[in-house]
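When a residue number appears, it is its place in the shown sequence, counting from 1.
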Amino acid sequence: MLWRSVVGKLWLTILFLVSVVLTILMVLLLQSFEQFNVSEAESQLVNHANMIASMYESYESKEDALQNISQYGAAFQSDIIIFVEGENVWSSDQLQREALEILFTDQALSQVFSGEKVVTTEGDFPFLSEGEESHSEIMIVGVPLQPTELEDSAVFLYQSLSAIEETSNETKQIIYFSAGIAIILTTIFAFFLSSRITAPLRKMRQVALEVAEGKFKTKVPILTHDEIGQLAIAFNRMGRELNNNIHALNQEKEQLSRILVSMADGVITLNKKGDVVLTNPPADRFIQSWYYEQGMVNEQDKALPEALQSLFQRVVALEKEQFIEYEMQGRSWTILMTPLYDDHDIRGAVAVFRDMTEERRHDKLRKDFIANVSHELRTPISMLQGYSEAIIDDIAGSDEEKKEIAKIIYEESLRMGRLVNELLDLARMEAGHVELKIEPTEVQPFVERIVRKFQGLAREQDVVLELETADVTTIMCDPDRIEQVLTNLLHNAIRHTEKGGNVTLIVRQFAEGLKVDVQDNGSGIPEADLPYVFERFYKADKARTRGRSGTGLGLAIAKNIIEAHQGQISVHSKVNEGTTFSFFIPTKEQNE
């Protein structure tokens, strides 16, 4: 509304101040004009009374004097009464002659008869008219008549105050009309002035609303160089600074968002009530996994894990960071929560989640590795120790028994050597120190030579070993390392194939590279063991006899060799149906 705006308030304030000033001036003017009219009327009556007294005194014939006085008195609106020695000798109002004694009884008017001074008075004087008393507001002026020669002689002039009131009313009308015109002009001027003064303020209000909507480049036009102009300059400067600050905040926010999104660790920010304020993708995945584990579907049922809630309560209560480990969906998480402060009060907390599953798995593999190495070394060392003691104690009586014991000691020492060499090779490979001697290799004679090398073992095991090739030519690789891979795969296939079974080496060459399959129809690998066959010391069949089991490092070494060639190795198997190990080596262009 108008009176709630700055224009209305300024307009009404100016109008109120001008109205107060005009009212005071009007009252003072009315009083001044009223007094002026009364004084002017008194002055005129006194002058007329003196003139009449002079006329009466200047004529020798009193009749001529009264006649001239009558003519003179008809020229103005006043009544005349002339007393000579206490008697009324002439009066212009014949109806008032019976009430002339008031002039002698009134204390002020009676002073005229003594010849002391001219008397002027106003009041409500009673008069008798046709036997009835009436009152009238009149002004009476009395002038002594020949005070040195005559006693109780005077000239009285009186007139009704209504004439003076008429003059005052006309003056009031003029003053009221002038005040009305002044109020109208003041209203127009005040509205124009307030609108002109507040126009820049209204523009600033519009610009402020646009700035609140994010339009920081909007500027206030500078039309003057007064305080409002300085305010516009300050407002524009504030807009520029605010734009710069918002831009800087957006950059920091985007930078923080990018950091949170790119973090491998999960981050959750909680407010003082424990509600989630901010999360990053790893934290979202953690929460979704917990929802899935708890069977939560509806949004209203979703909440933080109880472990996280209790951790938050401890952080708030103790006002220091807390740390827990949490197991969920087969994965291990570490959660570190730190309080957030607003001055000296806690306003929330931030929790950092780290998936420690790989670290725990590596720790387990390290422990298993030490245990497996210890286990693999303990058996041959025990055998070496036992058979050595048999020789020392002369338990073997014949030369044949001694040769048999020496043969066992020799085989176990070879076994220990192979184990140590394989461990050293695997360690170098996993450390990234695989040295490949890449050279062009003819595939057909290469694979034929390897198959011939295993034909003797296959005949001993009563297994048929076959080779299938298709469009094979030349490939860039390290032939010694690839032979090591094929040796391991063919040896495992023959060892785990029952008598009468088949082992087939399938070699095919494509434009992208060379694909090799080692296929057998042996006992197969259980489905639960398939993800772990390339792990160190892993053996699918824990019940195999010692003669048929290896160290458990061959497949791990094969995987590292193939990956060093930028290739892939995989396995497919079904129990009692057979197993197929496949690896792919890309061509030199693909490798680069």
Are K453 and E483 close enough for a salt bridge, meaning some N to O gap below 4.0 Å?
yes

Minimum side-chain heavy-atom gap F581-D517 below 4.5 Å
no

Any side-chain heavy-atom pair of L490 and L465 under 4.5 Å
yes

Heavy atoms only: give me the nearest V267-A283 pair and the separation to one decimal.
O-CB, 3.4 Å

Is there side-chain contact between T269 and V276, with at least one heavy-atom pair below 4.5 Å?
no

Between E319 and Y341, which heavy-atom pair has the shortest distance, and what is it?
O-OH, 3.1 Å

Would you mind reporting whether Q255 and Q251 have side-chain heavy atoms less than 4.5 Å apart?
no

Between D284 and N280, is there a side-chain donor-acceptor contact under 3.5 Å, judged purely by atom types and distance?
no

Should T473 and Q509 count as side-chain neighbours, where that means a heavy-atom distance under 4.5 Å?
yes

In R449, Q444, E442, E448, the residue satisfying side chain to side chain contact (heavy atoms under 4.5 Å, CB included) with F446 is R449

Where do K499 and Q461 come nearest, in terms of heavy atoms and distance?
CG-O, 3.5 Å

Is any NZ, NE, NH1 or NH2 atom of the basic residue among D478 and K437 found under 4.0 Å from an Asp or Glu carboxylate oxygen of the other?
no

Side chains of K320 and Q322: closer than 4.5 Å at any heavy-atom pair?
yes

Quick one: closest heavy-atom pair of T441 and C477, and the distance?
OG1-SG, 3.7 Å

